[in-house]
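Only one structure is covered here, and it is reproduced in the block below.
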Amino acid sequence: MISEIGHLTLAIAFAFSLLLAIVPLIGVHRGHGGQMSLARPLTYGMFGFTLISYIALTWGFLVGDFSIAYVANNSSTLLPWYYRITAVWSSHEGSFLLWMLVQAAWAAALAVFSQRLPLTFAARVLAVMGMIGVGFYLFMLMTSNPFDRTLPLIPVDGADMNPLLQDPGMIIHPPLLYFGYVGLSVAFAFAIAALMGGRLDSAWARWSRPWTLAAWVFLTLGIMVGSWWAYYELGWGGWWFWDPVENASFMPWLIATALIHSLAVTEKRGTFKSWTVLLAIAGFSLSLLGTFLVRSGVLVSVHAFASDPTRGLFLLSFLGVLITCSLLLYALRASKVVSHTRYDLMSREVMLLGNNILLVTATVVVLIGTLLPLVHQELGLGSISVGEPFFDMVFMWLTIPFALMLGIAPLVRWRRQKIGELKVPMLQMLGVAVILAFVLPLIFAEVVSGLAVLGLILAFWVLWGTVEELRMRVAQREHKLPAMVKLGRSHWGMVLGHVGFAVMIIGVALVQNYEVERTVRMAPGDTFTEGKYSFEFKTLEDRIGPNWVSDAAVFEITRDNRRIGEVVSEKRFYTIQRQIMTQTGLQVNPWRDLYVAMGEELGDGSWAVRIHIKPFVRWIWMGAIIMAFGGILSASDKRYRLKKKRPKVTGNVTGNVTGEGSA
Amino acid sequence: MRYFMLCAYALAAALLWGALSPLAASPAAEFYEFETAEQERKFNQLTRELRCPKCQNQSIADSDAPLAMDMRQRVYQMIMEGQSQAEIIDFMKVRYGDFVHYRPPVNASTIVLWVGPALVIVLGVIVVLVQVRTQKDEESELSEEEAARLAEVLNSDRKE
Amino acid sequence: MNPKLRLLAFLTPLFLFLGMGVFLFTGLFSDPTRLDSALVGRHVPNFELPDLYSPDRSHNQSIVGGKPMLLNVWATWCPTCYAEHTFLNKLRAEENVYIIGLNYKDDSRAAAVNWLQDLGDPYEINLFDQTGLLALDLGVYGAPETFVIDAEGIIRYRHVGDLNERVWRDEVGPVYYSLYEQGER
């Protein structure tokens, strides 16, 4: 019964999406208000039925309905209830259903919050969301139905959830990431709707910006949680692997970052319109491309889908049609937008263009790096690999100009900046950055690493630039502090975004150059000393969980003979899936992580133990959280809350926006 | 078969997840004793830069395939014999091709990795320069249509 | 700018995307795990390995060459090798193909010998590579794998996966027989 309800509601949701894709546009075409305003109820219907379908699958997991093939393959009677809920998205079909739910949720949110938008525009935006829905629902129903039955042979127990994913990090990582991926479809829908209407203007940018910021926040947090999860779950302490699957999430993030900056220019200055629209299209296109790469098996796998390319083919056709149409529409409409703006080489506009160029370059690096092995082989040139050493090097080189520009960009005025005025602050920034960058490593390390110093110079350059900027903003005011508060959330959002980036650079620079990784042979009773830290292997005990048994090693850690804590590192054996997993022991503070992971038993009672000391590694994720918080502040700026009054803004905007004829 | 098991589940997880990563299950039942910390660092770096030919996207450091173990063993031997990083990488490339190293060689077929991004930057800079130069030298105003529209938007916002 | 040129410039993203799409499409139908051997065109590397049956006897690179031959990598833990074995026996019996067997990292010598006694031995010479020494030098990444070697001892082709009627007819066989034709000329 459950599976029939789920399947049926999924089909109904598909029907709603189909109507949503068609009816409002007919309404717009005929100027029929009634048909246009159908967009909202249709969106709610699409969301409602998707939700029921999703609940049905979750219910199947909770009660352990093994007549549903997907449940049987990804759950078991021993799985705790909370992992049964997250097991819904532990494999292809269910995770796609979650994706659909998230997509419908964004559409529904748009329907709720678009009351102030002109009806034709809202109708177009929602219709575009419907079109995306049509493709995805069809994909689910035709190739990836999570409600397929195991009839007539219903298994007594399921095959269990992949043990790697039985972890708190995995509870939140996929939903966050999906909210980010799919959230870019909103920015996309706004862009397409604007192109359809032939109107690219500041108003469009203003409407689109909070949505884009929200999606960007989710994407940032999703990627961050994923990195954090990989760090402690995989047992060897890496936090980024440049795997195609990660790259697939990184590319939309880079473009989304470019987009939120470019939208700011379009909103405030009315320029870069066609460029901003292109970024909005590219962002969602890359998130679709990522989905394709991950789920079709073209890059990673021979095991999963490569032998049956139906899914890949479907996804490719869908994204092919969607992106081709969008880019064609873009070429036809955006090429008619003529720009009459005026700005000097030394201006905020050019700074932001530089930021965009570098972010797009970074995206191109990742894209070429991810796809070249495929192309290389298709051209018969043999197999090659593009991975960490390549990406690390190129990204280091890209970060240098990026951070240098980022540091001064907030100080530069719109339109025209006399470079002389910036000499003093720039010299100050340089002084602070260089001094701190050399002093900081001396505090906790004997050697000064050149690359670490470079990273720190960039980070402090950005940080001090932010401080200078705040100082300039309130220089004329009598009461500095209240004036700072009054700067507005959007402004503080920018400040935090940049601070977060600097914090992340500090983390990366220090952990890459000062981490210590040792693999040692230890038996209970042994002590290993590295620098100031001593790790004593106290005991080895057996532990038993709901669906696993483990060898748990307890380590006591002392620093200069003072006890600072105890960590437990486990080697877990998941009995149903017959997999061995490492549970890392972590002792953390903001300045360093002590990382203990059990390797194999070496006989004679001793174990290979991985002990890592990772200075400032937390700062990488802290930086991401700060950036995301900045995004939240920006998105919640009162000028986006359309219901409230915005005193004085009229004058500012009309004064600032320079003319640009739109087609 | 035992070759495939770990790779398969790692890949399955990565594929289904949409987000991560070459999964290391556990380090293998082996242990390498080094004379100096420098040797261990070199070993860690090399095993992370060399790709296991069997598991499609894992370095030999985090793959459990027997082949990866053999390769680690060989890397260890060569380090202990005092061979340089370049020598070890060449040794593997002779046997497994360019595929085995995560840093692709620079040649005619891979040059796009560097030229592509450089082209984007050059193009971007040219466009910016041309834009700045060719701007009309008059104070421009909002087009009539745009001004009207902006006013409309702002008014509608204000009504509430 | 000329409107047509301008339109063309704005079409660039579309062209780039379509170009990429072609590769994604063809990529769908090819196996991303296929690797080309780096050793094709090179001489079989030097080695010194014990015989499978008698641990005291050892073989070296001199057994390779003299006429076209196959070198087949196999192990008892490899189920595909089991499927392949019948075909190898047939190749030897019906087409008189000269095959060197490389037993790769097997569980034990006894297991391998038993296997050959039970299923028949298609190999002229049996090498026992317990540590995967020669296999590593050959760039082997699994079993079964088959190398086609010419009379000079140079590797001419490498097939990953099992040999069967179809593979032999379409891929490996033609290479093998072409080596004979070249030899006669």
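We name chains A, B, ... by the order of the sequence lines, and we start the count at 1 in each one.
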Q: Name the option with the most non-hydrogen atom pairs under 4.5 Å to chain A; the candidates are B:Glu33, B:Arg48, B:His101, B:Glu49.
A: B:Arg48
Q | Toward chain B, the part of A:Leu358 with a non-hydrogen atom under 4.5 Å | A | side chain
(Q) Nearest 0.5 Å, please: how far is CZ in A:Phe241 from OH in B:Tyr102? (A) 11.0 Å
Q.
At a heavy-atom distance under 4.5 Å, which candidate from A:Thr363, A:Thr291, A:Leu372 has the highest pair count against chain B?
A. A:Leu372
Q) Got a donor-acceptor contact below 3.5 angstrom from the A:Ser385 side chain to the B:Val100 backbone? A) no
(Q) Just so I know, are the side chains of B:Phe31 and A:Trp607 near enough to count as touching, which here means a heavy-atom distance under 4.5 Å? (A) no
**Q.** Heavy-atom proximity to chain B below 4.5 Å, by part of A:Val386
**A.** both
Q. Does the B:Glu40 side chain pair with the main chain of A:Thr519, one donor and one acceptor, at a distance under 3.5 Å?
A. yes
Q) Say you draw a straight line from CG of B:Asn44 to CD of A:Glu515; how long is it, rounded to the nearest 0.5 Å? A) 9.0 Å
Q) Top residue by heavy-atom pair count (under 4.5 Å) with chain A, among B:Leu113, B:Asp98, B:Val120, B:Val125? A) B:Leu113
Q | B:Gln131 side, atom CD; A:Leu345 side, atom CG - distance, nearest 0.5 Å | A | 12.0 Å
Q) Considering only heavy atoms, which portion of B:Leu129 lies under 4.5 Å from any heavy atom of chain A: side chain, backbone, both, or neither? A) side chain
Q) Which heavy-atom pair separates B:Pro117 from A:Val365 by the least distance, and what is that distance? A) CG-CG2, 3.4 Å
**Q.** Heavy-atom pairs under 4.5 Å with chain B, option from A:Leu379, A:Val520, A:Ile223, A:Val360 with the top count
**A.** A:Val520
Q) Taking side chain as C-beta onward, heavy atoms only, is B:Gln45 less than 4.5 Å from A:Glu388? A) no
Q: Mind running side-chain contact (heavy atoms from CB on, under 4.5 Å) on B:Ile121 and A:Leu398 for me, showing each step along the way?
A: CA-CA 10 Å; B:Ile121 292 186; A:Leu398 283 177; 4.2 Å; yes
(Q) Is A:Leu353 close to chain B through its backbone or its side chain, or both, or neither, when contacts mean heavy atoms under 4.5 Å? (A) side chain
Q: Inspect the surroundings of CH2 in B:Trp114 and state if more than 12 heavy atoms from other residues, nucleotides or ligands are less than 6.0 Å away.
A: yes
**Q.** Identified side chain to side chain contact (heavy atoms under 4.5 Å, CB included) counterpart of A:Ile357 within the set B:Val122, B:Leu123, B:Val128
**A.** B:Val128
(Q) Side chains of A:His376 and B:Ser109 only: does a donor on one sit below 3.5 Å from an acceptor on the other? (A) yes
Q) Under a 4.5 Å heavy-atom cutoff, which of A:Pro373, A:Ala362, A:Gly387 has the most pairs with chain B? A) A:Gly387
Q: Can you tell which part of B:Arg41 gets under 4.5 Å to a heavy atom of chain A, answering side chain, backbone, both or neither?
A: neither
Q: Flag yes if more than 12 heavy atoms outside B:Glu35 fall under 6.0 Å of its CD atom; otherwise flag no.
A: no
